Amino acid sequence: MNGQEFIRQALGNAGSGIGWLAGQDTAGVSVAGVHIHILDHVGHLYADRPNKLRSVYDAIDRLVGWLKKKVDKLLIVSDHGMQTTETDDRKPGVHSWRAMISSTESGDLPKSVFDVREWIEQHTVTTESHSEPQTDVAAPREHLEDLGYL
């Protein structure tokens with residue numbers, strides 16, 4: 001596919017994930033997360049083309065800005081960093097250990113992606129209990145799982 005079609009599809013997928021998060025907040029879910037691949041993909045594709053890379057980052061920034069207005073709290077974590085051709089790295093566009101973490105919460109952030117779960121648990125008050133599956137939906141759980149709803 002051409003680059004324009006790839007970006008269109010990738011932004012559509014990213015928008016779906018970001019919209020899903022807003023929907024979960026509206027539904028009162030205390031902690032929800034998605035893995036959005038677009039920045040990883042364009043980091044590999046456009047590592048040596050900073051203008052194209054910047055345009056995608058700007059689009060994602062606008063989507064995250066929209067989400068930030070919809071939710072009470074937001075934590076963004078990359079699963080890894082990206083090396084670029086603007087450094088003396090011999091392998092541009094490969095993964096690095098420089099993950100990024102950002103939050104609307106004040107104070108210290110997790111030091112690494114390995115500290116995120118504990119940080120979330122310390123910053124989240126939840127009354128939800130998942131010890132017993134509960135549903136009032138008139139459909140068998142197995143059927144809902146097969147459809148991908150659970």
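Computed from a predicted model, the values in this text were never measured in an experiment.
No side-chain heavy atom of Asp25 sits less than 4.5 Å from a side-chain heavy atom of Val29. Residues Leu75 and Val116 are in side-chain contact: their nearest non-hydrogen atoms beyond the backbone lie under 4.5 Å apart. A 4.5 Å side-chain heavy-atom check between Gln24 and Trp20 finds at least one atom pair inside the cut-off. Inter-residue side-chain proximity for Thr104 and Val71 is flagged as unmet; no heavy-atom pair is nearer than 4.5 Å. Here the side chains of Tyr57 and Leu53 are in contact, with some heavy-atom distance below 4.5 Å. When side chains are defined from C-beta on, Ile18 does not count as touching Val34, because their heavy atoms never get closer than 4.5 Å.
Arg49 contributes a side-chain N or O that, together with a main-chain N or O of Leu45, makes up a donor-acceptor pair within less than 3.5 Å. Looking only at distances, a side-chain donor or acceptor of Trp119 sits under 3.5 Å from a matching main-chain atom of Asp108. Lys73 contributes no side-chain N or O that, together with a main-chain N or O of Thr124, makes up a donor-acceptor pair within less than 3.5 Å. Between the side chain of Ser102 and the main chain of Ile76, no donor-acceptor pair closer than 3.5 Å is present.
Here Asp58 does not pair with Arg62 in a salt bridge; the nearest charged N to carboxylate O distance is not below 4.0 Å.
Taking all atoms of both residues into account, the shortest heavy-atom contact from Ala22 to Trp66 is CB-CH2, 3.7 Å.
Here OG of Ser30 is found 11.5 Å from CG of Asp72. Values are rounded to the nearest 0.5 Å. With values rounded to the nearest 0.5 angstrom, Asp40 atom CG is found 9.5 Å from Ser78 atom OG. In this structure, CD on Glu121 lies 7.5 Å from CD on Glu118, to the nearest 0.5 angstrom. For the atom pair Gln122 CD and Arg117 CZ, the distance stands at 12.5 Å (nearest 0.5 Å). A distance of 6.5 Å separates CD1 in Ile36 from CG in Leu21, rounded to the nearest 0.5 Å. Here OG1 of Thr26 is found 8.0 Å from NZ of Lys70. Values are rounded to the nearest 0.5 Å.
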*Go through the steps to decide whether His41 and Phe6 satisfy the test side-chain contact (heavy atoms from CB on, under 4.5 Å), and finish with yes or no.*
CA-CA 10 Å; His41 292 164; Phe6 170 79; 3.7 Å; yes
*Assess whether side-chain contact (heavy atoms from CB on, under 4.5 Å) is satisfied between Leu109 and Asp115, documenting all intermediate values.*
CA-CA 9 Å; Leu109 294 172; Asp115 301 324; over 6 Å; no
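Counting heavy-atom neighbours within 6.0 Å of Gln4 CD, excluding the residue itself, gives a total of 12 or less.
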